[in-house]
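Naming convention: chains lettered A, B, ... in sequence-line order (proteins, then strands); numbering from 1 in each chain. Side chains are part of it too, since the values below use all heavy atoms of this structure and drop only hydrogens, waters and symmetry mates.
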Amino acid sequence: MTIQRPRGTRDFLPDEAWRRTAARRAMQEVLERWGYREIATPTFEHLELFTQKCGEAVLEEIYSFKDKGGRDLALRPELTAPVMRMYVAELQNAPKPQRLSYFGNCFRYERPQKGRFREFWQLGVELIGGAKPDSEAEVIALADRMLESVGVKGEIHVGYLGLVRSILDRIGAERRSAIMRMIDKKERDALKECLEEIDASHLGLLELIDLKGREALGRAMEIANDLRNEESMGPTAFVAEEASHAGTGRASARTGRSVSAELRMDEFGRTVELLEAYGVDFTIDFEIVRGLEYYSGAVFEIYAQGLGAQRQVCGGGTYELASLFGGKETSSTGFGLGFDRIMEIAQVEERWQPPVFLIYTPDVKVEAVKIATELREALPTVLDVMGRGLGAQLKAAAAAGAKFAVIVGRSEIDSGRLTLRDMASGTQESLTLAEIVQRLRAQFQN
RNA sequence: GCCGGGAUAGGGUAGUGGUCAUCCUGAGGGACUGUGGAUCCCUCGAGCUGGGUUCGAAUCCCGGUCCCGGCCCCA
């Protein structure tokens, strides 16, 4: 028995590898047009980087190991933490904003299912240091365009944590993360019960998360006003508490290091306005809260059809993450795209072109090699390495789907003109090498 | 971690507790050392793994591995 692939990993045969490269290239082009520059980080990092960001709970899904020097390392389970680590270490003093993109494989010890693997690829961006509404609108519009470039139509849901967190500020701190979780999990009944229990039903949270679409914004404004009026009647006790949290800096983001919640509905309103200016089709949805504590402003998720249970292809928002890794607090907006899920449904238009087959008689092999070398300057070219005769080479070229063959034998060498054969029609012409290059070049321009 | 369905040449498949395990496709060679994917011939190539039942297991039973789908989770 041959050795199998590890569970949850995949081999990509030439056709699929080509498709993935083409899709990546299409999205990369969008990124370049928007001025994002690619960065890359190591495949493995110190384990601590990930437990710091996500808490100890993620340990069981992390591929971690000790290296020969006894260091605790981990195959990266995601890319946001490494990117922020890199930013803090090397880019903090670079001019703002920083527009960064990344693409890389990540590893999680999970049960594989449709659209979920143990080695998977994430593509994402971070816009670091920009002003919130502008950054948020840009990043969401960018995600939209990137998906569009590979023919994926997604449903974009945009929420705003400034409001949700402001409401939660009126609730005891110990309940907040549980409530966020219930919202995220859409556990409506449990949430309702919980809010009644702590006498918080009047705050409008339930109503808010059920609102969808454009009307949601107006109603959300009203809820926000109510909150503000209440607040002006007496300062809340939570302000001091938030300040002390900010000072601790290095706690895990999952274990209660909640970022300060500023209401700023006007900012969210501007994000919405700008998104419309970008021509993005989206739904306002306050139910989107993205489980984690470090998100602070707008948050969004994109869902696609045809993916089974794992239908979210993109998620992101604005967060305060730099300080978690020892940097100065800077808000950044970003998202991650599940590349593998996108590949399940991507429409990749680029087609692979079989190369030109240079077919030769055995007596002119040396000359054929020289001609192939020249042809390759301009055209993808292959020549026989199996020791086949002319007929067999042609057969192989046909089987490989070649559109063109260049035939060379003694008489071509003597005359200095090669035979160009159109494989579909069978017509042949006697041409110089330069003429052949000129004739075929257009065929191979993608 | 849980539930369900699977695993037979490189790919796709058939079948039976008992001779040499089907067929299609593929790959390599030949008929064909200057012209094609056709045809014909030859060759290569398989019952996931470990145990059990049995005179005999690829077939029946159990464990494991991996695949597919779902739950949980999803940074």
Side-chain angles (χ1 to χ4, degrees), chain A residues 1-11 13 15 45 49-62 74 76-84 106-118 120 122 124 181 184-185 252-255 290-295 299 301 307-317 319 321 324 334-336 338 340-341 354 357 359-365 368 384 386-414 418-428:
Chain A
M1 191 58 200
T2 51
I3 296 173
Q4 298 176 313
R5 256 178 288 137
R7 173 164 209 189
T9 63
R10 290 158 295 163
D11 294 316
L13 271 47
D15 281 346
E45 298 265 4
L49 177 67
F50 303 111
T51 54
Q52 202 167 91
K53 171 170 173 261
C54 308
E56 303 290 325
V58 297
L59 269 176
E60 60 187 33
E61 290 191 359
I62 288 184
R76 57 188 178 197
E78 52 110 23
L79 285 163
T80 304
V83 168
M84 293 314 288
C106 298
F107 307 84
R108 291 184 196 176
Y109 191 84
E110 290 186 288
R111 181 75 202 233
Q113 61 188 70
K114 189 175 178 66
R116 178 189 284 183
F117 306 93
R118 289 185 170 179
F120 60 97
Q122 251 186 18
R181 206 183 154 74
D184 195 35
K185 301 286 164 229
S252 153
R254 203 190 282 275
T255 56
R290 308 216 27 93
L292 291 178
E293 299 288 352
Y294 52 77
Y295 283 100
V299 286
E301 297 183 347
L307 279 173
Q310 309 292 321
R311 57 188 293 265
Q312 187 188 321
V313 294
C314 177
Y319 35 77
L321 209 46
L324 192 62
F335 63 78
D340 305 281
R341 289 181 194 171
F357 276 64
I359 288 166
Y360 59 93
T361 55
D363 56 314
V364 299
K365 183 181 284 184
D384 178 60
M386 303 273 295
R388 286 197 256 238
L390 193 87
Q393 287 182 46
L394 264 174
K395 193 183 274 196
K403 303 267 191 303
F404 300 98
V406 173
I407 299 169
V408 50
R410 190 81 268 159
S411 66
E412 279 84 359
I413 296 299
D414 291 343
L418 311 175
T419 301
L420 173 65
R421 181 180 179 85
D422 181 314
M423 296 296 283
S425 64
T427 56
Q428 300 191 166

Exercise. Return no unless some side-chain N or O of A/Lys185 is found under 4.0 Å from OP1 or OP2 of B/C74.
Key: yes
Practice problem: Could you work out the separation of B/C60 and B/A14 based on their P atoms and round it to a whole Å? | Solution: 15 Å
Practice problem: Taking syn as within 90° of 0 and anti otherwise, name the glycosidic form of B/G47. | Solution: syn
Self-check item: Rounded distance (Å) that lies between atom P of B/G64 and atom CD of A/Gln4
Solution: 16 Å
Quiz prompt | Nucleotide of B/A75, B/C74, B/G70 approaching A/Gln113 most closely (side-chain heavy atoms) | solution = B/G70
Exercise. Could you work out the separation of B/G18 and B/G56 based on their C1' atoms and round it to a whole Å?
Key: 7 Å
Self-check item: A/Gln312 side chain reached by A/Leu307 side chain, heavy atoms, under 4.5 Å
Solution: no
Quiz item: Whole Å only: how far is the CG atom of A/Leu307 from the C1' atom of B/C68?
Solution: 16 Å
Quiz item: What integer number of Å spans the C1' atoms of B/C32 and B/G15?
Solution: 40 Å
Quiz item: With respect to the phosphate group of B/C74, does any side-chain polar atom (N or O) of A/Arg116 fall under 4.0 Å of OP1 or OP2?
Solution: no
Quiz item: Is the base of B/A75 touched by the side chain of A/Arg290 through a donor-acceptor pair closer than 3.5 angstrom?
Solution: no
Quiz item: Can you tell me how far the OH atom of A/Tyr319 sits from the OG1 atom of A/Thr80, to the nearest 0.5 Å?
Solution: 4.5 Å
Practice problem: Considering only atom P, compute the distance from B/A21 to B/G47 and round it to an integer number of Å. | Solution: 11 Å
Self-check item: Per-nucleotide protein contact string for nucleotides 24-36 of chain B, where B marks a base within reach and S marks sugar-phosphate only (heavy atoms under 4.0 Å, - for neither)
Solution: ----SS----BBB
Quiz item: On RNA chain B, nearest-nucleotide positions of A/Asp184 versus A/Ala400: which is more 5'?
Solution: A/Ala400
Quiz prompt | Validation row: A/Pro77, A/Glu61 side chains within 4.5 angstrom (heavy atoms) | solution = no
Self-check item: Euclidean distance for P, B/C67 against B/G28 (whole angstrom)
Solution: 30 Å
Quiz item: Reading RNA chain B 5' to 3', what string of ( ), [ ], | and . shows its pairs, if Watson-Crick and G-U wobble pairs count only when both distances fall under 3.5 Å?
Solution: (((((((..(((.....[....)))((((((.......))))))...(((((..]....))))))))))))....
Quiz item: To the nearest 0.5 Å, how far apart are CD in A/Glu412 and OG1 in A/Thr361?
Solution: 8.0 Å
Quiz prompt | Within 6.0 Å of CG in A/Asp414, more than 12 heavy atoms from elsewhere | solution = yes
Exercise. May I ask you to say what A/Glu61 touches in the nucleic acid, namely base, sugar-phosphate or nothing, with a heavy-atom cut-off under 4.0 Å?
Key: base
Quiz prompt | A/Glu60 CD - B/A75 C1' separation (whole Å) | solution = 13 Å
Quiz item: Just wondering, do A/Gln310 and A/Lys114 contact through their side chains at under 4.5 Å, heavy atoms?
Solution: no
Quiz prompt | Value in whole Å for how far the C1' atom of B/C74 lies from NZ of A/Lys53 | solution = 12 Å
Quiz item: CZ of A/Arg111 to CZ of A/Arg118: how many Å apart, nearest 0.5 Å?
Solution: 8.0 Å
Quiz item: What integer distance in Å separates A/Arg7:CZ from B/C66:C1'?
Solution: 7 Å
Self-check item: 4.5 Å side-chain heavy-atom contact, A/Leu59 and A/Thr51
Solution: yes
Quiz prompt | Contact nearer the 5' end of RNA chain B, comparing A/Phe117 with A/Gln312 | solution = A/Phe117
Practice problem: In whole angstrom, give me the gap between the P atoms of B/G51 and B/G5. | Solution: 26 Å
Self-check item: Whole-Å distance separating the OH atom of A/Tyr295 from the P atom of B/C74
Solution: 13 Å
Quiz item: When the C1' atoms of B/C61 and B/C68 are considered, how many whole Å apart are they?
Solution: 24 Å
Quiz item: Going by an N to O cut-off under 4.0 Å, is there a salt bridge joining A/Arg290 and A/Asp184?
Solution: no
Quiz item: When you check every protein heavy atom under 4.0 Å of nucleotides 5-13 of chain B, what one-letter string (B, S, -) results, 5' to 3'?
Solution: ---------
Quiz prompt | A/Asp340/A/Arg10 ion pair, N-O < 4.0 Å | solution = yes
Quiz prompt | N-O pairing of A/Lys53 and A/Glu78 below 4.0 Å | solution = yes
Practice problem: Using the C1' atom as the reference point in each nucleotide, state the distance between B/C72 and B/C3 in Å, no decimals. | Solution: 11 Å
Quiz item: What's the CZ-P distance between A/Phe107 and B/A75, to the nearest Å?
Solution: 19 Å
Quiz item: Between A/Gln393 and A/Arg388, does any side-chain donor sit less than 3.5 Å from a side-chain acceptor?
Solution: no
Quiz item: Taking CZ from A/Arg311 and P from B/C71, how many angstroms apart are they, rounded to a whole number?
Solution: 12 Å
Practice problem: Start with the C-alpha gap between A/Ile359 and A/Leu390, add the side-chain angles, then the distance that decides, and say whether side-chain contact (heavy atoms from CB on, under 4.5 Å) holds. | Solution: CA-CA 7 Å; A/Ile359 288 166; A/Leu390 193 87; 3.4 Å; yes
